[in-house]
Novice: 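The structure is given below, and queries will be raised subsequently.
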Protein chains: 2
Amino acid sequence: MIPKQTVNMTDVARHSGVSIASVSRALRGEPGVSLVTRDRILSAARELSYVVSPEASRLSGGATGRVGVVVPRIDAWFYSTVLAGIADEFDTVGVDLVLCTLPDSAARHRFFEALPLRRKVDAVVVVSLPLTSRERTRIDQLNVPTVFVGGHHPDGNRSWIGIDDELAARQAVGHLLHIGHRDIAMIQAADDTDIPWATDQARISGFHHQMREAGLHDPTVVTVKWSIEGGSRGMEMLLSNSRLPTAVFCHSDEIALGALRTLRRAGVSVPQQISIIGVDDHPSAELTDLTTVAQPVRDQGQIAARKVLRQLTTDGVENDGAMTTLPTRLVIRGSTASPH
Amino acid sequence: MIPKQTVNMTDVARHSGVSIASVSRALRGEPGVSLVTRDRILSAARELSYVVSPEASRLSGGATGRVGVVVPRIDAWFYSTVLAGIADEFDTVGVDLVLCTLPDSAARHRFFEALPLRRKVDAVVVVSLPLTSRERTRIDQLNVPTVFVGGHHPDGNRSWIGIDDELAARQAVGHLLHIGHRDIAMIQAADDTDIPWATDQARISGFHHQMREAGLHDPTVVTVKWSIEGGSRGMEMLLSNSRLPTAVFCHSDEIALGALRTLRRAGVSVPQQISIIGVDDHPSAELTDLTTVAQPVRDQGQIAARKVLRQLTTDGVENDGAMTTLPTRLVIRGSTASPH
DNA sequence: CTGAAAGCGCTTACAG
DNA sequence: CTGAAAGCGCTTACAG
């Protein structure tokens, strides 16, 4: 006789002399089971080291115990750090994390058209994705609670967690102005999709507003791809101009790191000849002594996870629609100094 | 009338005028469906953007369409890059990735005792985890194909992909010897678990072997935690010695980056006063002009994914037990030079 | 090649 | 408080 591989609810029921209905109720802590029966069932379950089949549970109307996390890519500091924050929170409550990455537009298109997460998760966290209205509709069609992280302010009263990118830009530019710079350029990063990315827009608008308030108009702005290479290229563009600015506000630390590399190769000394500031507080910023505006990244992941878990436990009914904005903070290092 | 939330196999069957049995067969590419019928079914499924319910599928004996990926942590370059490689491959074949991170020993213990992946995935990829025999047994009890990535040579004929860490160390040390160094120290990194990590052992043994072959005995070795901080600390330890070595082999780039930071702060110039070499080719290595031994990281993820997918399509019967070793490559940059 | 039917292991009205 | 029964959406012998 071949022993059964797994013990199921029927085994527990037989063992405790009740119906599987009662077992199901007792195991989930549902009301409607007497204390004695409940105890008998629980100890039987323990004795048999029974584990509910998530498949069967789900199939008959229960939850999947899974939450989908959608990120553009994972091999970049920001995303992997947010993801780590999410994963930690999920782990503590035993929720499984189903990861979806959308590295290129083909993958992205496939994702939103096929909606592979459909029926597979109880909720979704969308990290740093500017969505078209079509894509937003598709996400809605998943018909599960959704939380957005960073980058993209969803319209309506959706659940969102992120930073104030305009303010972050203002803090960076404000620092440069404060220490005496007037000739400040920006290396702007733009996503290669057609969709305007809220983060990008907010950071450049913060730059322009802050400059204007200081009475400075038409500052130089170069636009590059969001990558170290892009930053490198952006600084080359600035170097090729007749006049070098005394300071450069870089859209992000990765842009700034590329810029620093170009400056090092060109033999331009930082901060003596030019000041550089970024945004993010990427681990490399500390290593390269880069002044930056830090944003809490792992926290954003943790808070997103908590938001989504809360919506799950409150039966998904409560869409709190809360927009949570986390503070950013100026971190002064060696890459900025007063002009001359 | 309330529209049905999700389209199921019955809908597809009705739409294409066949039974659900045929739909099931067609969708899984099983034989026993005529070409015409198959086409009709597939296009109906596409039209309805149908997705099989993994729950139902699994419950009736099919696969889950999910593969578990276990990584120590995800907010570190190596792991997130491996993961990106895996995710890409899975994406192309529509396999869902269930992510498990084991950031601390509590999480790790929970994972191996509760085995949360049980009955939830068709296969598992284990990244860079040195396993105790107890843990290996538990993984086996998942009773699904398993592939190991990096770090840990599994015993027996398991599926494994990684680099030759001893050789990588030899390449690094060989370079230092080749350009004339004789006084070479190592900053070794050790994991904080009790289990000896194969990677660590191999790199230090490569160092010692290569030194011995050059007639150099008892080189200085300091051991620190595997992190930038650790590297920083390690270099502080070396600086506090009476005699500074002319070159330092760092266990990994992250260690080397920490070491470089300490040297910069101490005003010791690289490579004039001391040469530094790492292992990995971390993105920051290029930024900081660090000489290193590069390993293909994303490739390891991709190959692991392919291995596991192959085992899945060949019905899990074929445990090829293939150990795949990827080549490493010396990348000479500005942090190493001949002594004096 | 195709379909009717049993069954996977649960949850949840519905009765008692 | 308790149980019999329907049903979740699939896969897989078993017949045709």
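Lettering of chains follows the sequences in order, A, B, ..., and the numbering in each one begins at 1.
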Novice: Rounded to whole angstroms, how far apart are CE on A:M9 and P on D:dG3?
Specialist: 14 Å
Novice: Taking the nucleotide of DNA chain D with the closest heavy atom to each, which residue, B:V23 or A:P31, is nearer the 5' end?
Specialist: A:P31
Novice: Is there a side-chain contact between A:V23 and A:V18 in this structure, where contact means two heavy atoms from C-beta onward sitting under 4.5 Å apart?
Specialist: yes
Novice: How about B:R298 and A:D75: do any of their side-chain heavy atoms sit closer than 4.5 Å?
Specialist: yes
Novice: I'd like to know if B:D122 pairs up with B:R66 as an ion pair, taking the criterion as any Lys NZ or Arg NE/NH1/NH2 lying under 4.0 Å from an Asp or Glu carboxylate oxygen.
Specialist: no
Novice: Calculate the interatomic distance between A:K120 atom NZ and D:dC10 atom C1'; express it in whole Å.
Specialist: 14 Å
Novice: Heavy-atom nearest nucleotide on DNA chain C for B:S22 versus B:A56: which residue maps closer to 5'?
Specialist: B:S22
Novice: In whole angstroms, how far is the P atom of D:dG9 from the CG atom of B:L27?
Specialist: 16 Å
Novice: C:dG9, OP1 or OP2 - any side-chain N/O from A:S57 closer than 4.0 Å?
Specialist: no
Novice: Quick one: pull up NZ in B:K120 and OG1 in A:T64 and give me the separation to the nearest 0.5 Å.
Specialist: 9.0 Å
Novice: Taking atom C1' of C:dG3 as reference, at what distance in whole Å does atom CZ of B:R14 sit?
Specialist: 16 Å
Novice: Check the pair A:V69, A:V98 against side-chain contact (heavy atoms from CB on, under 4.5 Å), reporting the backbone distance first and the verdict last.
Specialist: CA-CA 6 Å; A:V69 176; A:V98 178; over 6 Å; no
Novice: In which ranges does DNA chain C form stems of 3 or more consecutive Watson-Crick or G-U pairs, distances under 3.5 Å?
Specialist: C:1-3 with D:14-16, C:5-12 with D:5-12, C:14-16 with D:1-3
Novice: Please list, pair by pair, any protein nitrogen or oxygen found under 3.5 Å from a nitrogen or oxygen in nucleotides 12-16 of chain D.
Specialist:
from	atom 1	to	atom 2	distance (Å)
D:dT12	OP2	B:R28	NH1	3.1

Novice: Checking contacts here: which listed nucleotide (C:dC10, C:dC1, D:dC10) is nearest the side-chain heavy atoms of B:S53?
Specialist: D:dC10
Novice: With a 4.5 Å cut-off on side-chain heavy atoms, are A:Y50 and A:M9 touching?
Specialist: yes
Novice: Is there side-chain contact between B:V149 and B:V126, with heavy atoms separated by less than 4.5 Å?
Specialist: no
Novice: What nucleotide, of C:dG3, D:dG9, C:dC10, holds the atom closest to the side chain of B:L59?
Specialist: D:dG9
Novice: What nucleotide among C:dG3, D:dG9, C:dG9 has an atom nearest to a side-chain atom of B:V18?
Specialist: C:dG3
Novice: Using atom CD of A:E55 as one end and atom C1' of D:dT11 as the other, report the distance to the nearest whole Å.
Specialist: 14 Å
Novice: Consider salt bridge (Lys or Arg N to Asp or Glu O under 4.0 Å). Of A:R108, A:R134, A:R118, which one does A:E113 pass it with?
Specialist: A:R134
Novice: Between B:R58 and A:G17, just flag the one whose closest nucleotide in DNA chain D comes earlier from the 5' side.
Specialist: A:G17
Novice: Does any non-hydrogen side-chain atom of B:F148 lie less than 4.5 Å from one of B:L131?
Specialist: yes
